[in-house]
Structure formats: structure tokens, C-alpha cells
Amino acid sequence: MEAGGSSPFLPTGSLVLAGRGIFDLERCRMADLETMRHSTAHVMAAAVMRLYPGTKLGVGPTIENGFYYDMDVPGRFTPEDLPSIEEEMRRIVEERHEFDREEMTISDAIERFREVSIADAIDRFREQGQDYKVELLSDLRDRGTTRVTSREDVDVDPGNVETASLYHTGEFVDLCRGPHVTNSGEIGAFKLLSVAGAYWRGDSSRPQLQRIYGTAWATQEELDRHLWQLEEAEKRDHRRIGRDLGLLMFHPWAPGAAFWLPKGTVIYQTLSNFMRHMLVDEGGYVEVRSPLVFNKALWETSGHWEKFRENMFTLESEGQEMALKPMNCPGHMLVYGSELRSYRDLPLRIHDQSVLHRNEVSGTLSGLTRVRQLCQDDAHLFVRPDQIEEEIDALLRLVGRVYGLFGLGYEMELSTRNPQSYLGEVETWERAEANLRNALESNNIPYRLQPGEAAFYGPKIDVHVTDAIGRKWQCATIQLDYQLPERFDLTYVGEDSQRHRPVVIHRAIFGSFERFIAILIEHFAGAFPFWLAPVQAVVLPIADRHAPYAEQVVQRLRAKGFRVELDARRENLNHKIREAQVQKVPYMLVVGDREIEADAAAVRQRTGENLGAIGVDDIIQRFEEEANIGGERNSPSASGSGLG
RNA sequence: GCCGACGUAGCUCAGUGGUAGAGCAGCUGUUUCGUAAACAGCAGGUCGAGGGUUCGAAUCCCCCCGUCGGCUCCA
């Protein structure tokens with residue numbers, strides 16, 4: 001495990017100069033870390049080959065914080081197998097094997113892996129050997145790439161299709177582009193984390209290989225810190241906090257559908273009203289409520305029946321086949337089509353927070369992040385072609401404003417046409433993609449291009465947020481659609497008194513309330529900002545004789561619309577404070593003899609800071625200021641929405 | 001749906017073929033207390049469901065459900 005000094009991966013001979021030098025050094029360090037992680041994957045594969053002869057190798061790329069390797073092993077891995085593999089890896093590291101690079105032509109390499117397979121077969125099961133590597137090489141030879149999807153990691157240098165490189169590490173040989181550390185002794189601190197099934201080349205019709213995930217770092221300290229972070233992240237998991245804070249629950253009889261408990265419902269409703277305020281009061285939207293169950297004719301018209309039928313809950317009534325809606329858009333098409341529209345009516349922005357159902361396959365369900373029942377802060381904008389950029393522009397600014405309010409970091413992605421699956425004309429797509437790109441660029445928003453990842457009806461901009469354990473989730477989305485208006489034959493009357501086709505923009509800012517709340521729970525670790533906190537303050541009388549006054553304080557604060565509770569149990573103050581802290585209540589208001597005398601309460605914040613006695617009227621003023629988020633007064637009393 | 005793991009009290013977990021346990025939470029009583037856990041007692045379980053093996057199953061086998069980690073999918 002000795003990694004050979006404090007930082008063995010710093011490039012020797014690179015001068016650290018001010019400014020850029022540090023950046024370059026950091027970049028070199030990252031590149032070296034990746035190289036080391038990939039080499040660790042090789043060492044792991046070598047260890048598995050020793051322990052499980054006959055193993056066929058898939059691919060073993062670097063991922064964030066570590067690596068994995070997909071392997072077809074005789075038998076099955078369980079987590080109990082990992083320690084012995086780690087032990088074998090340490091042995092290989094100690095043996096200090098060189099990573100020798102060998103180049104050969106592809107046909108030679110194919111032969112070579114066949115030979116390996118034959119050699120293997122002698123003392124093993126006489127089977128084919130490294131079929132997966134042979135397939136990769138054949139692909140490289142025939143198609144010039146091993147790439148299957150745009151995201152697939154390649155194991156072979158696509159820039160050089162004449163030759164393939166092999167790396168030898170002791171008796172272990174692997175097809176690999178490299179680069180690698182020069183010696184297995186340079187492997188840093190590592191730990192194998194989990195085993196999982198993974199389809200060969202991501203295709204569920206191909207064999208399922210076994211994947212081992214590991215993490216690797218330059219030093220033991222960095223590994224320890226990463227493992228500690230994983231533990232900390234687990235404590236933020238929205239499933240744990242959601243239960244501990246009494247926000248939500250699940251039941252086996254409603255898999256994939258959350259019960260929002262009273263405290264969770266406060267958060268849900270507060271977000272719902274906040275978004276309603278942003279869109280309807282300020283954004284020029286109108287809100288509708290639309291049916292949950294539709295005749296399948298609607299889904300046939302929209303095209304979803306053909307494409308997503310498997311993921312829809314269907315039911316039958318009086319011989320009619322119906323389906324629970326998985327999205328709002330087709331319903332909104334009917335709303336638009338219900339009247340003759342003028343060019344003056346556009347843009348028409350229809351907001352809807354209806355319940356949606358998607359029959360996700362059971363294996364994908366996960367807490368609030370992957371559910372079968374959800375609500376989106378959905379809207380469809382019916383616009384003239386000349387209004388597209390302006391609307392996208394406004395949406396990008398709205399996204400920035402809302403995410404900024406929560407202090408959430410995010411990344412934007414532009415997904416363009418999938419040549420294998422799209423509806424409509426190529427020129428229309430290209431115009432739409434240009435509209436989205438222009439809006440992003442005129443707002444100076446950095447984005448990642450995702451070629452081929454668009455929905456079948458149009459290109460889109462997705463916003464991804466990272467959760468506590470590093471998984472990225474799509475939240476906001478902005479999608480252009482030229483197809484649905486066509487399918488529903490929607491029109492508006494233009495200045496020329498002719499009929500024209502509107503364009504639809506599908507968009508959501510939170511995405512689904514479920515997923516967004518999951519991200520907020522983890523982002524705040526349950527300590528919600530005052531305006532969202534299910535209980536904003538708890539009043540704590542010190543002794544029984546202080547309870548009537550405490551009750552008065554509670555009533556005065558509630559009358560101002562704040563969510564305040566009384567804890568008049570016969571418990572020690574310490575005990576009550578601890579419980580309020582654990583529940584992440586923003587304010588604890590302690591009342592005893594002195595506070596009664598001064599018409600005040602001693603204010604403690606959940607940060608642990610004690611503000612001392614403050615007059616009740618001043619507390620009210622303080623709360624009102626704090627509830628006033630981002631310039632919007634959002635306390636329940638002001639919105640008149642009956643929260644609290 | 002596929003691969004793997006798991007499912008014992010509200011929560012966290014112990015219990016590997018022989019009478020179901022602990023801590024915390026809960027309830028009851030005592031304590032009236034000044035900023036993160038007072039003390040004592042009590043109660044709490046068809047061991048996820050169903051089937052099988054066995055004299056006997058939480059424990060072994062089968063099947064189903066759910067949860068978790070991934071894969072696939074994600075309008």
C-alpha cells in the first residue's frame with residue numbers, strides 16, 4: 001500500500017509557476033490519477049484471473065473517484081468475494097510488475113486472443129476464451145471504432161485503427177489503449193466497493209457480465225477521506241432524512257408512490273405555491289387542471305401509445321381502453337385546440353401540476369428519485385416560430401433564478417437529434433437546435449452537447465443536479481416540439497389571416513416535485529431554509545408555570561402565518577432543545593420567568609447560536625424578513641393560500 | 001425486466017435447527033428544571049407473504065412481494 005512518498009503522481013520536472021502553472025499542475029495530477037485508477041482496474045482484472053481461471057474480460061474504464069471492470073466469471077461474485085480479490089491485488093502490487101506495452105496489427109491481436117483462449121482451454125473448459133476482446137477488435141477492424149453509443153468508453157485508440165496495443169502485467173495480458181503506470185508498485189490506495197450486473201455493451205439482449213466497482217487514490221489519507229465522504233453522504237440520503245424528519249413514507253402496497261406526511265406536505269405545498277407564484281403571478285402563465293385518465297385515442301394521436309405503451313398504466317371501462325396519463329402534453333393540446341387562436345394570443349403558456357403515473361420497471365424504483373407517481377411543475381408554451389428564442393431566453397433566466405434561490409449547482413446539456421429515432425424534417429430539427437444553442441450562448445451559459453440524446457419529437461436542454469452521493473439527476477428540462485402541434489392539427493390565425501402551425505415548448509423548472517424535494521433534502525441535509533421548514537419555530541417553556549405564556553407566544557406567531565409548535569412536555573429544557581435540534585427546527589424560543597416579564601423569548605437558532613431574549617414583536621419582524629425570499633413574500637399569510 | 005444483496009419491535013441491529021433479544025423511540029409514574037439526551041417501571045414481534053423439508057424452522061429449500069446497489073429504460 002505504500003504509494004512511494006507523499007505525492008507520487010506529480011509530474012517530475014514540471015515547474016509550478018504562478019496562476020496557470022497551478023492549473024496545469026492540477027490537470028497533470030488528475031491525468032496521472034486517472035492513469036493510476038485505470039491501472040488499478042488492470043490489477044483487479046489480473047487478480048480475478050488468478051482467482052477465477054476462465055474469466056472472460058469485458059472493459060475496465062476509469063470513472064469518477066475510481067474504476068470498474070466488467071467480467072464474465074464462472075459462478076457469481078458476492079460482496080464476500082471482494083476481500084480475497086483485494087488481497088490478491090495487494091500481492092500483485094507488491095510483486096511490482098512492469099506494465100509493458102506491445103503494439104501489433106489488429107489481425108495479429110485477434111489471433112493472439114484466440115491463442116490465449118486455446119491456451120486457456122487446455123486446462124480449463126475448452127471454451128472460446130476472451131470473446132469480448134475479440135469482438136472489440138473485430139469491431140475496430142471492421143468499423144474503425146469500438147464505440148456503441150456516444151457515451152461508451154473505448155478501450156482502443158480510435159485515432160489509430162491499424163494497430164492495437166496490449167499491456168502485459170506479469171502473466172496478465174489485456175487489450176488496452178493505455179496509458180498506464182510503469183510498474184504495479186505505483187498503484188495507490190484502493191478499495192473494492194461493490195458488485196453489480198451489467199450488460200455487455202449496455203445491451204439488455206447481450207450477456208450480463210459482473211461488474212466490480214472500486215475506488216483508488218494516490219494516498220491512504222485521500223482514500224480514507226473519500227470513504228468518510230461516502231459515509232457522510234449516506235447520512236444525507238433523502239430516504240433516511242425523509243423518514244427521520246417525518247416528511248414521507250412508502251408502503252409495499254404502493255411501490256414507487258410516496259405518502260407525503262404532514263411535514264412533507266408543508267414542503268410540497270410551499271414549493272407548489274412558490275412555483276405558481278413565479279409562473280402565474282409573474283411569468284405570464286395560466287394554470288389549468290386536466291383529466292388523469294384518457295381514452296387511448298389520445299395517446300394514439302400523440303404517438304405515445306406506440307412508443308411508451310409498456311410504461312403506461314392501462315384500465316378498461318365499458319369496453320373502452322383507457323390509460324392513466326404519464327405526461328400532460330397531449331391534454332394541453334386539446335385545451336389549445338378547443339378555441340380558435342389568433343397570433344395575438346401567443347405565446348399561450350399553460351401551467352399544470354397534475355398527478356402523473358409512469359409504470360417504471362420494478363428494478364429502477366428508488367426513493368423519491370425514481371417513482372411511479374409524480375407531479376411536475378409542468379407547462380407547455382404555444383408559440384409562434386419567431387417567439388422561440390425569446391421564450392427560451394426567459395426560461396433560462398427563470399432556471400437560473402430558481403436554482404440560485406436554493407443555492408443549487410447545476411449543469412446544462414443540449415441534446416440533439418438521434419438519427420435513428422426522430423420524427424419530422426431534418427431542416428426543422430436543425431433550426432430548432434440552432435434556436436436552443438443561440439439562447440444558451442447569448443446567456444453565456446456553458447453547456448455540454450449530447451448528440452443523439454434528444455426526445456423523438458424535438459431537441460432539448462436538460463439541467464442536471466448532483467445529489468449527495470454524487471449521482472446526477474435531470475431536473476429542469478426545456479424541449480422544443482414541432483410534432484405534437486402537427487399530430488393534433490393545431491393552428492393560429494396569423495396577421496395574414498391564414499392558418500399557421502404553432503410550436504410547443506415543453507418545460508419544467510423543478511422537474512418533478514418528488515425528485516426536486518429529494519435533492520433539496522440532501523442539499524440542505526434536512527435543515528431547510530426558514531421559508532420551507534415544516535416547523536419554523538418551537539416554543540419551549542422551562543417549567544409548567546410558563547406554559548400559558550408559551551401558548552400565547554405560539555398563538556401570536558401563528559396568527560402571523562408562521563408554522564410554530566409548542567413543546568410543553570414535562571421534560572428538561574436540554575431534552576427539548578436536543579429534539580428540536582435533531583428535527584432541524586430553525587428557531588427554538590425558550591420562555592421562563594425573565595421572558596414573561598419582558599414579553600419576550602430567548603431565541604436559539606439551530607446553528608447553536610443563542611441570540612438572547614428578544615421581544616415577541618421583534619421576533620415576528622425578524623421572521624417576516626426571513627420568510628421574504630428572493631424578493632417574494634412567501635409566508636403563508638401573504639399568499640393567502642391557506643398553508644400552515 | 002435482468003444480475004447481486006437484504007427483509008427480526010416505530011428506528012438501528014444481535015440471534016445459523018431446540019421457549020425471540022438489546023439500545024433508542026413509545027407509554028406510565030417520579031423530577032419543575034435556563035440552551036444537544038433526568039430517573040424508574042411497563043408495553044411492544046404470525047421473524048415480509050405463501051408453500052415445502054424436519055419430531056421441531058427466524059435459521060434449510062422453493063416461489064411471490066418489497067427494499068438496496070448496479071444494468072437497461074427514462075416521453
Between [M] and [N] - [atom1] atom distance, rounded Å:
| N | M | atom1 | value |
| --- | --- | --- | --- |
| C47(B) | G7(B) | C1' | 10 Å |
| A14(B) | A9(B) | C1' | 13 Å |
| U16(B) | U54(B) | P | 24 Å |
| G15(B) | U28(B) | P | 34 Å |

TODO: Test Gln210(A) against Asp81(A) for side chain to side chain contact (heavy atoms under 4.5 Å, CB included), laying out the working first.
DONE: CA-CA 12 Å; Gln210(A) 297 194 63; Asp81(A) 297 325; over 6 Å; no
Task: Plane angle bin for Phe530(A) and Tyr587(A) - parallel if under 30°, tilted between 30 and 60°, otherwise perpendicular - done: perpendicular
Open item on the list: Students often mix this up, so state it plainly: with edges at 30° and 60°, are the rings of Phe308(A) and Phe456(A) parallel, tilted or perpendicular?
Closed with: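 If you compare the ring of Phe308(A) with that of Phe456(A), the planes turn out tilted.
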Open item on the list: Counting only side-chain nitrogens and oxygens, does Asn574(A) get under 4.0 Å of the OP1 or OP2 atom of U35(B)?
Closed with: no
Task: Distance test, side-chain N/O of Arg569(A) to OP1/OP2 of U31(B), below 4.0 Å - done: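 The answer is no; no side-chain N or O of Arg569(A) sits under 4.0 Å from OP1 or OP2.
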Open item on the list: Measure CG/Asp203(A) against C1'/C2(B) and give the value in whole Å, please.
Closed with: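 After rounding, the reported distance stands at 12 Å.
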- [ ] Please work out which residues in residues 576-594 of chain A have a non-hydrogen atom less than 4.0 Å from an atom of RNA chain B and list them by number.
- [x]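 Ile577(A), Arg578(A), Gln581(A), Val590(A), Gly592(A), Asp593(A), Arg594(A), in order of number.
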Open item on the list: Contact list please: residues 322-330 of chain A against RNA chain B, heavy atoms, distance less than 4.0 Å, in numerical order.
Closed with: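 Residues of residues 322-330 of chain A under 4.0 Å from RNA chain B: Pro326(A), Met327(A).
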Applying a 4.0 Å non-hydrogen cut-off, can you work out what [X] is touching in the nucleic acid: base, sugar-phosphate, or nothing?
| X | answer |
| --- | --- |
| Ser366(A) | sugar-phosphate |
| Tyr213(A) | sugar-phosphate |
| Ala196(A) | base |
| His304(A) | base |
| Arg211(A) | sugar-phosphate |
| Tyr457(A) | sugar-phosphate |
| Arg243(A) | sugar-phosphate |
| Glu571(A) | base |

Task: First encountered from the 5' end of RNA chain B, between His546(A) and Gln210(A) - done: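 Nearer the 5' end of the strand: Gln210(A).
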Residues [X], [Y]: salt bridge by 4.0 Å N-O rule:
| X | Y | result |
| --- | --- | --- |
| Glu360(A) | Arg372(A) | no |
| Arg501(A) | Asp489(A) | yes |
| Glu571(A) | Lys576(A) | no |

List for me each residue that meets side chain to side chain donor-acceptor pair (under 3.5 Å) alongside [X], sequence neighbours excluded, and say none if there are none.
| X | result |
| --- | --- |
| His238(A) | Glu522(A) |
| Tyr213(A) | Arg211(A) |
| Arg515(A) | none |

Taking any strand in view, what nucleotide pairs with [N] in a Watson-Crick or G-U wobble way, both distances under 3.5 Å?
| N | value |
| --- | --- |
| C55(B) | G18(B) |
| U30(B) | A38(B) |
| G69(B) | C3(B) |
| A25(B) | none |
| U46(B) | none |

Of the nucleotides [options], which one has an atom closest to the side chain of [X]?
| X | options | result |
| --- | --- | --- |
| Met312(A) | A75(B), G1(B), G70(B) | A75(B) |
| Glu360(A) | U35(B), C71(B), C73(B) | C73(B) |
| Arg370(A) | G69(B), C73(B), A5(B) | C73(B) |
| Ala198(A) | C71(B), G69(B), A75(B) | C71(B) |
| Arg604(A) | A38(B), C73(B), A36(B) | A36(B) |
| Ser362(A) | G70(B), G1(B), G69(B) | G1(B) |
| Leu365(A) | A75(B), U67(B), G1(B) | U67(B) |

Task: With sequence neighbours excluded, residues passing ring pair (Phe, Tyr, Trp, His ring centres under 6.0 Å) with Phe524(A) - done: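 Phe524(A) satisfies ring pair (Phe, Tyr, Trp, His ring centres under 6.0 Å) with no residue once adjacent residues are dropped.
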- [ ] State, with a plain yes or no, whether a side-chain heavy atom of Thr301(A) is found less than 4.5 Å away from one of Phe488(A).
- [x]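 In short, these two side chains touch, coming nearer than 4.5 Å.
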